[in-house]
Amino acid sequence: MGISILTYLSNLAFIGVFLIVIFASRWLYSLSTPYNTFSEIIDKKNLALGVSIMGFITANTIIYSSVITGLGQEVQADLITVCQYTALGMLLLLVSRQVNDKILLHSCCNHRQIITKQSLSVGMAQASCYITSGLIIGGVLMRDGDIFSALVFYALGQVSLVLFTKIYDLFTNFCLIQELESGNIAAGTSFSATVIALGIILLHALGGEFVSWQSSIASFALDALIAFIILPVVRVLVDKLLIPSVNIDYAIKKEHNVAVALLEGAVAISVALVIFFAL
């Protein structure tokens with residue numbers, strides 16, 4: 001009975017640390033922006049910014065959950081170690097934020113789209129990229145390797161995210177950036193769900209045991225290749241078989257049909273979850 005109570009109290013301590021992580025996430029987001037996020041949300045009711053911050057906080061939650069899950073019982077009892085790994089993950093997320101905002105959404109002026117125009121589609125795209133980066137970082141922090149190997153595989157995961165967004169533009173019949181800038185929520189929904197599906201598969205690729213550089217990189221490359229092939233194929237299958245009377249690209253670009261985008265995105269995430277648990 002005593003052991004049970006001690007375990008329960010230990011778990012409460014981790015919940016307490018998590019609350020600090022949430023507050024720190026909000027503070028880090030505000031610190032790295034040139035505008036007053038509190039004023040934007042409270043006074044101007046900026047939904048686009050709220051969605052973006054939601055994605056950032058969710059990403060940090062994924063990182064923290066991965067740390068306490070992947071370290072094992074012996075290390076998990078050491079709150080200092082958990083805090084150190086979480087802090088590293090949060091710093092890497094800040095790096096990912098710069099990469100995502102400057103490279104993935106390079107044509108979007110975040111201040112203009114998120115603050116001036118309050119573009120929900122851009123806010124959704126930002127949030128999904130943060131969540132995917134959180135899945136990547138969570139995966140590398142779950143690995144049985146050192147800090148150097150974690151940084152290497154983090155870089156590989158982030159490069160994969162950048163490459164996939166370029167490929168996404170190739171297998172769709174619309175320009176993602178243009179649709180996001182025009183406020184196309186359907187395009188933002190489709191992209192967001194597909195990118196999160198990629199993150200789930202990359203979490204599987206990065207979360208395995210580190211055996212050797214050759215073996216681990218080969219395993220990561222295989223899972224990444226599966227994602228790069230399967231997700232476009234799934235989109236085609238949804239278009240041709242699940243809703244054959246509707247062209248997905250036309251529905252998203254011309255009709256701004258969010259319902260179609262949600263259906264496509266739900267299938268992509270579902271397939272990614274099956275891949276995560278089956279492989």
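Position 1 is the first residue of the sequence, and the numbers go up from there.
Counting only distance, with no hydrogens or angles, the side chain of Thr165 and the backbone of Val162 share a donor-acceptor pair below 3.5 Å. With Thr189 contributing its side chain and Val258 its backbone, the two residues share no donor-acceptor pair below 3.5 Å. Side chain of Tyr130 to main chain of Ile57: no donor-acceptor pair is present (N/O by atom type, distance under 3.5 Å, no hydrogens or angles).
By the 6.0 Å contact criterion, CD on Gln178 is open, its count of non-hydrogen atoms from other residues, nucleotides or ligands being 12 or less. For NZ of Lys240, the number of neighbouring non-hydrogen atoms (other residues, nucleotides, ligands) closer than 6.0 Å is 12 at most. In Trp27, the CH2 atom is not crowded: 12 or fewer heavy atoms of neighbouring residues, nucleotides or ligands sit closer than 6.0 Å.
Between atom CG of residue Leu91 and atom OG of residue Ser96 there is a gap of 11.0 Å, rounded to the nearest 0.5 Å.
Between Trp213 and Phe153, the two ring planes are parallel [angle under 30°; tilted spans 30° to 60°].
Remark: the Tyr85 side chain and the Ser66 side chain contain no N/O donor-acceptor pair separated by less than 3.5 Å.
Screening residues 223-269 for ring pair (Phe, Tyr, Trp, His ring centres under 6.0 Å), with sequence neighbours left out, gives Phe164-Phe228.
Two residues are said to be in side-chain contact when any heavy atoms from C-beta on lie closer than 4.5 Å; Ser65 and Phe18 fail this criterion.
Electrostatic pairing of Arg112 and Glu181 counts as a salt bridge here, judged by a charged N lying under 4.0 Å from a carboxylate O. Of the charged side-chain nitrogens involved, at least one lies within less than 4.0 Å of a carboxylate oxygen, so that Arg235 and Glu264 count as a salt-bridged pair.
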